[in-house]
Amino acid sequence: MNHRHDKQPFYSRKGYRILTGAFGLFLIGVGVYAVLLAETSPNIRLVGGAIIVLLGGDMIVSACKATQSWLSKLGPLP
């Protein structure tokens with residue numbers, strides 16, 4: 001039996017998009033927290049936080065556009 005979802009890529013399904021957007025919001029929150037409150041050198045704090053915010057923003061944009069995010073392109077992580 002063929003379903004409508006059989007030909008859709010995994011990243012265009014509604015549930016995956018909602019979870020991706022929610023995780024993107026979480027990553028943005030973690031990145032902002034790291035930039036503002038992390039107890040490490042300013043260079044590491046700014047670069048690390050900026051990278052986390054960038055990845056979170058990409059996940060939100062990818063969820064809205066139904067495309068693959070940068071983190072999902074890494075493949076299965078251990």
Side-chain angles (χ1 to χ4, degrees):
M1 198 170 12
N2 289 335
H3 293 291
R4 179 176 60 95
H5 295 296
D6 289 344
K7 298 187 187 237
Q8 276 187 331
F10 68 94
Y11 50 82
S12 66
R13 295 182 182 146
K14 184 178 180 180
Y16 183 83
R17 291 173 66 187
I18 290 170
L19 288 174
T20 301
F23 190 66
L25 284 173
F26 173 74
L27 283 180
I28 288 176
V30 169
V32 169
Y33 175 81
V35 168
L36 297 177
L37 301 172
E39 294 183 11
T40 185
S41 71
N43 292 337
I44 293 173
R45 186 174 63 211
L46 291 174
V47 171
I51 289 172
I52 295 171
V53 168
L54 182 68
L55 290 174
D58 176 63
M59 290 188 85
I60 292 173
V61 170
S62 297
C64 292
K65 291 184 176 181
T67 58
Q68 232 177 339
S69 68
W70 294 336
L71 285 178
S72 69
K73 291 180 183 179
L74 291 176
L77 298 174

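With sequence neighbours excluded, the residues that form a side chain to side chain contact (heavy atoms under 4.5 Å, CB included) with A66 are S12, R17.
To the nearest 0.5 angstrom, L74 atom CG is 10.0 Å from Q68 atom CD.
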Quick one: side chains of residues 20-47, donor-acceptor pairs under 3.5 Å with protein atoms, not counting sequence neighbours, listed by atom name and distance.
residue, atom, partner, partner atom, Å
T20, OG1, Y16, O, 2.7
R45, NE, V35, O, 3.1
R45, NH1, A38, O, 3.4

If you look only at distance, which donor and acceptor atoms sit under 3.5 Å apart when one is on a side chain in residues 56-64 and the other is two or more places apart or in another chain?
residue, atom, partner, partner atom, Å
D58, OD2, W70, N, 2.8
S62, OG, D58, O, 2.8

